[in-house]
Chemist: 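Got a structure for you, written out below as structure tokens; questions coming shortly.
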2 protein chains.
Amino acid sequence: MGRNRATLADVARRAGLSKTAASMVLNGREGTRLSAEAHQRVFAAAEELGYRPNLAARSLRTRKTATIAFVSDIVATTRFAGDLIRGALDAARERDHVLLITETQGDATFEQYAIEAVLDRQVDGVIYAAMATRRLTVPAAILGGPVVLLNATSPDGLPSVVPDDEGAGRSVATALLELGHRDTIALIGRNRLKEDDPEVSLAARARLHGIRQTLDEAKVGLLAECFCTEWLPEHGYAAMRSLLSKPKRPSAIICMNDRLAFGAYQALGEAGLTVPEDISVISFDDDPIAAWLRPSLATTALPHEQMGRRAVELLLDGGAAEPSLVPMPLRRRRSLAPPAG
Amino acid sequence: MGRNRATLADVARRAGLSKTAASMVLNGREGTRLSAEAHQRVFAAAEELGYRPNLAARSLRTRKTATIAFVSDIVATTRFAGDLIRGALDAARERDHVLLITETQGDATFEQYAIEAVLDRQVDGVIYAAMATRRLTVPAAILGGPVVLLNATSPDGLPSVVPDDEGAGRSVATALLELGHRDTIALIGRNRLKEDDPEVSLAARARLHGIRQTLDEAKVGLLAECFCTEWLPEHGYAAMRSLLSKPKRPSAIICMNDRLAFGAYQALGEAGLTVPEDISVISFDDDPIAAWLRPSLATTALPHEQMGRRAVELLLDGGAAEPSLVPMPLRRRRSLAPPAG
DNA sequence: ATGCTCTGCTAAATCAGTTTAGCGACCACT
DNA sequence: AGTGGTCGCTAAACTGATTTAGCAGAGCAT
């Protein structure tokens, strides 16, 4: 890779100047007293030789690599990882940086390896990302340099970027209230583990809190709350069926995520009920299936791309110490209607 | 990042030896005549100081960075990117390498930037990945070093890794034939553009060819073929509706991907038909929705993780020049049954 | 003529490793 | 005594950049 690249010495020689001069000119150093003509010659030489600096050599001296480590627990299992990475990639490119990606798979050995691998490469900073919003403790090894937590917070008070799940909860509840739904709203996806253990999830508690707060203010209570051991379609399906077996049918359903909502749709379809005429459905995440469902599913979007971008900005440009909350926009789609009758 | 790291000179000093000796011992060089005792002292010193070599310095001399560039057109828009990356990440870690990720977004300027950024960092090789299997021409700039195409082929005959879509086509057709389906099989997802332009897709043509070949051998013809401008749920929905409006109802449907199949399910549900009792459905990709659908959707899986892994192996360990075909395993699920009646 | 400042530039050190060339001590052999 | 070989190790060059310290010459004042 990159054999026969011209070096700074080549450029200097061709320009008839010293390496020092060439270096200063190419780096646009202020306050040097090199003549305009010297500038010209260096630029011309660099151009003609197609000179590109060897960043390994540069970073040896400057201790800057223009490289950021993106360390995450799991990149593959959720389709959101891509967006997180893409946002970070974009922001990094704008700042002439590049991303070194590693994955820990939640395994301590792998994590150790990942951290060492990036530190050995002298990265300028680390983005430590979690795929589910949660609290975690970062390995001591990376605390030697700049760190930003992405989709996570830590007890150490490190800068962090998380989605505004509580705000999303409020948006969801408000949307239903505005349509006129009152005491016939049911909730699918309560989960003690997710709600009570911040190391498992921060989203569940925050979403629930946002919903409750808004409904309380409107003096509205939930018709029913279904607990689900996981937030997967099959659990949404089961929850919806149990809701439909009860005497009082809800006019609207809030699902804690889109996969639950997908399951709920399946149960509704089997029961011969129509969304949104019979029942409105609203949810969280904006998984691609939300737009593919018939009717399309209203949901609040996890702003992963924004978050990835924000993390890089925080890392390179500096910023607030308190967690940076990224808003979750409400996607109004066809699954919402006023209550029937 | 990484201030106060012990250097090789520190280790050497502590061991009472020269840098040369320390370097040779730590690199496990054969044929050096350093005493066993010297080895001990160096290892002990390195251990005590927590020595880790500075890879920037090393690579300046050796021109090896133990870093691979992963350049792709689009990482985010498809949820498969994560798997491709994860497979590559795993294989890279096993070989003590790390991945530098950049994205071109299909834009020539960004591509130029991405290529320069990675070449400047002296990567040991480049994995050039496409998110849809297709033919492409790689930028001349990266031809200076090892390159492997991932999910793509090129006219230059570069080593490449692609899924065996034709084999998948055969598996799909065979599965239906084995169940007893004959001349009542319909196909959803024909698409001239994808089939005829290898720069758009290689999958469409290969899948179709695999299906046709297998059916021809069994002297079976397709009942109907629906063209779709895109492979999205709404197009699958429309295609399925049009199929159902015809006099002769198919006993099985092959969809060119899972998203089309998802749309087909929706149309079947609305028409009051049951999968697989009334109609079997089988498809390609193994998108997560395939497992979430009710009944779960039989499909052939795009082996993205395997492919990512294979690309790294090819790049670092060398290998075959002809395209490396990765098999697409058939996931037998609930959407298959013998034809009714 | 001397000293001073300013201009325009460069030699050499430095970063942290790897690698080449070779040194001194010891032994064996003729 | 001289020669050659092996053993165990090191000095110094080298990678390609940045950065520090400083030099030669011109212009000007004293």
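Each chain gets a letter, A, B and so on, in the order the sequences are listed, and its residues count up from 1.
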Chemist: Looking only at atom types and distance, does a side-chain atom of B/D124 sit under 3.5 Å from a main-chain N or O of B/T65, one as donor and one as acceptor?
Modeler: yes
Chemist: When we call it a touch if two heavy atoms are under 4.0 Å apart, what does A/L17 touch: a base, just sugar-phosphate, or nothing?
Modeler: sugar-phosphate
Chemist: Please name the pair of heavy atoms, one in B/I142 and one in B/V147, separated by the smallest distance, quoted to 0.1 Å.
Modeler: O-CG2, 3.3 Å
Chemist: Please tell me which of A/R52 and B/A21 maps to the more 5' nucleotide of DNA chain D, matching each residue to the nucleotide holding its nearest heavy atom.
Modeler: B/A21
Chemist: With DNA chain C as reference, determine whether B/T20 or A/L60 sits nearer its 5' end, using the nearest nucleotide of each.
Modeler: A/L60
Chemist: Return the minimal non-hydrogen interatomic distance between A/L119 and A/A141, and the atom names on each side.
Modeler: CD1-O, 3.5 Å
Chemist: B/L55 CG to C/dC15 P: how many Å, rounded?
Modeler: 18 Å
Chemist: Would you kindly check if the NZ (Lys) or CZ (Arg) of B/R93 is within the cone defined by 45 degrees around the ring axis of A/F110 and under 6.0 Å from the six-membered ring centre?
Modeler: yes
Chemist: Donor-acceptor check, side chain of B/D10 to backbone of B/T7, threshold 3.5 angstrom: yes or no?
Modeler: yes
Chemist: Could you tell me whether the side chain of B/T102 reaches within less than 4.5 Å of the side chain of B/F70, counting heavy atoms only?
Modeler: no
Chemist: Side chain of A/L8: nearest nucleotide among D/dT18, C/dT18, D/dG16?
Modeler: D/dT18
Chemist: Would you mind reading off the distance between B/K64 atom NZ and C/dA16 atom P, rounded to a whole angstrom?
Modeler: 23 Å
Chemist: Atom CZ of B/R13 and atom C1' of D/dT10: how far apart are they, to the nearest Å?
Modeler: 15 Å
Chemist: Rounded to whole Å, please give me the gap between CZ in B/R41 and P in D/dG8.
Modeler: 13 Å
Chemist: When all nucleic acid strands are considered with a 4.0 Å heavy-atom cut-off, which category describes B/A38: base, sugar-phosphate, or nothing?
Modeler: sugar-phosphate
Chemist: Nearest whole angstrom, please: distance from the P of D/dA13 to the NZ of B/K19.
Modeler: 12 Å
Chemist: Give, ordered by number, those residues of residues 22-35 of chain A having at least one heavy-atom distance below 4.0 Å to an atom of DNA chain C; if nothing qualifies, reply none.
Modeler: A/R33, A/L34, A/S35
Chemist: Could you tell me whether the phosphate oxygens of D/dG16, OP1 or OP2, come under 4.0 Å of any side-chain nitrogen or oxygen in A/T7?
Modeler: no
Chemist: OP1 or OP2 of D/dC14 versus the side-chain N and O atoms of B/R61: is any pair under 4.0 Å?
Modeler: no
Chemist: Kindly give the heavy-atom pair with the smallest separation between A/M307 and A/N151, and that separation in Å.
Modeler: CE-OD1, 3.5 Å
Chemist: Once you round it to whole Å, what is the distance between P of C/dA16 and CD of B/Q122?
Modeler: 19 Å
Chemist: Figure out the NE2/C1' separation between B/H39 and D/dG8, and round it to whole Å.
Modeler: 12 Å
Chemist: A/R5 CZ to D/dG16 P: how many Å, rounded?
Modeler: 10 Å
